[in-house]
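Data first, discussion second: the structure below is written as structure tokens.
Here the structure is a predicted model, which is why all the values come from computation and not from measurement. The first residue in the sequence is number 1, and the count goes up from there.
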Amino acid sequence: MTPNSPAEQHAHDAARFTALVESASAADWARPAPVAGWTALDVVKHLIEWSRAFLGGAGIELPALDVEADPRAAWKQHVADIQAILDDPAGRVLSNPHTGDKPVDQAIDQFYTGDVWLHTWDLAKALGREPDLGQERCTAALAAMRPMEEILRGSGQFGPAVPVAEDASAQDKLIAFIGRDPGWQAGNPRP
């Protein structure tokens with residue numbers, strides 16, 4: 001199924017991330033993640049914390065969640081909160097000095113849902129799994145990001161691009177573009 005709306009895209013991407021969250025043991029949360037200095041727990045915490053604060057620009061105040069106490073419960077509550085907004089955006093507009101004014105469902109789709117999708121790679125790798133972000137979607141995302149490379153890198157959201165072979169997969173090229181080593185393995189991180 002190809003998602004046809006921001007609500008459907010979020011439901012799809014969040015379900016894949018949720019499956020990883022639910023598969024993690026208590027000890028897994030301390031495992032290193034591909035983002036320097038992060039653990040598996042930090043990946044989940046990042047997605048929850050920045051997006052809840054971001055929604056303040058639409059007058060949406062979601063209560064803080066204790067991710068460290070129970071990452072699984074916090075993530076499930078967070079997904080339900082975001083999905084409820086997407087299922088009924090109620091004409092709300094999100095205002096942000098960096099992004100301007102956008103309908104809240106479009107803002108979530110553009111800035112948050114894609115982040116869930118990309119961070120699925122990080123969490124999967126932290127848990128010792130090989131993620132599949134979908135080659136077509138990776139190709140499209142990379143094509144959309146390349147013209148904005150200077151802006152994206154200047155924002156501090158991505159590290160320097162990692163070199164990959166010309167014949168690398170679309171996923172490896174995307175992951176390398178955003179500053180991750182596609183060959184990174186939990187327990188054996190490359191510099």
Side-chain angles (χ1 to χ4, degrees), residues 1-21 33-36 38 40 42-52 54-55 57 75 78-79 82-83 85-86 89 94 96 98-100 102-127 129-186 189-190:
M1 177 190 103
T2 302
N4 294 314
S5 69
E8 288 179 9
Q9 188 66 62
H10 177 262
H12 177 266
D13 291 345
R16 294 186 73 209
F17 194 88
T18 299
L20 290 169
V21 169
V35 179
W38 279 19
D42 292 321
V43 176
V44 176
K45 195 172 182 181
H46 162 75
L47 287 169
I48 290 174
E49 290 179 352
W50 86 258
S51 60
R52 290 175 95 77
F54 179 68
L55 289 169
W75 177 254
H78 178 67
V79 168
I82 299 297
Q83 195 64 48
I85 295 164
L86 289 168
L94 190 141
N96 182 288
H98 304 291
T99 64
K102 293 185 179 295
V104 71
D105 57 335
Q106 291 177 19
I108 291 170
D109 187 55
Q110 184 175 355
F111 300 106
Y112 170 72
T113 303
D115 209 31
V116 172
W117 173 66
L118 282 173
H119 282 301
T120 297
W121 188 88
D122 293 321
L123 185 57
K125 291 296 250 184
L127 297 176
R129 313 238 174 81
E130 283 305 316
D132 180 2
L133 298 179
Q135 298 304 315
E136 286 183 29
R137 190 168 176 192
C138 289
T139 298
L142 186 56
M145 288 180 187
R146 281 195 196 276
M148 302 183 295
E149 182 170 4
E150 190 174 316
I151 294 167
L152 293 172
R153 295 217 193 282
S155 73
Q157 294 176 18
F158 301 139
V162 173
V164 291
E166 285 285 322
D167 62 349
S169 70
Q171 177 173 293
D172 284 356
K173 286 178 180 178
L174 173 65
I175 293 303
F177 178 84
I178 66 171
R180 313 272 203 282
D181 177 354
W184 189 93
Q185 296 294 322
R190 296 180 184 183

Close side-chain approach of I175 to V164, heavy-atom, < 4.5 Å: no
Full working for side chain to side chain contact (heavy atoms under 4.5 Å, CB included) between L94 and I108: CA-CA 9 Å; L94 190 141; I108 291 170; 5.7 Å; no
Non-hydrogen atoms of A143 and P147 that approach each other most closely: O-CD, 3.1 Å
Side-chain touch F17/L47, heavy atoms, less than 4.5 angstrom: yes
Which atom of T120 lies closest to which atom of P131, heavy atoms considered: O-CB, 4.5 Å
Check: F158 and E149 side chains under 4.5 Å, non-hydrogen atoms: no
H119 NE2 to D42 CG distance, which is reported to the nearest 0.5 Å: 11.0 Å
Listed partners of R137 passing side chain to side chain contact (heavy atoms under 4.5 Å, CB included), at least two apart: Q9, D13, W117
Side chain to side chain contact (heavy atoms under 4.5 Å, CB included) between V44 and H78, intermediate numbers included: CA-CA 10 Å; V44 176; H78 178 67; over 6 Å; no
Shortest non-hydrogen separation from A126 to W184 and the atoms involved: N-CZ3, 4.0 Å
Non-hydrogen side-chain atoms of W75 and L20 separated by less than 4.5 Å: no
L142 backbone acceptor or donor facing K173 side chain under 3.5 Å: no
Distance-only polar pair, side chains of D115 and H46, donor-acceptor under 3.5 Å: yes
Pair F177-R146, side chain to side chain contact (heavy atoms under 4.5 Å, CB included): steps then yes or no: CA-CA 9 Å; F177 178 84; R146 281 195 196 276; 4.2 Å; yes
Interatomic distance, E130 atom CD to Q185 atom CD [nearest 0.5 angstrom]: 5.0 Å
Exercise: identify the closest heavy-atom pair between A40 and A33: N-CB, 4.2 Å
Under 3.5 Å donor-acceptor, R16 side chain and D132 backbone: yes
H10 vs Y112 side-chain heavy atoms within contact, under 4.5 Å: yes
Pair R180-V35, side chain to side chain contact (heavy atoms under 4.5 Å, CB included): steps then yes or no: CA-CA 7 Å; R180 313 272 203 282; V35 179; 3.5 Å; yes
Considering all heavy atoms, the nearest P182-V162 contact: CD-CG1, 4.4 Å
Smallest separation among heavy atoms of P34 and D122, with atom names: CD-O, 3.4 Å
Note, L55 side chain near I82 side chain (heavy atom, < 4.5 Å): yes
Where at least one partner belongs to residues 160-172, residue pairs that pass side-chain hydrogen bond (donor to acceptor under 3.5 Å, both in side chains), sequence neighbours excluded: none
Any donor-acceptor pair under 3.5 Å from Q83 side chain to V79 backbone: no
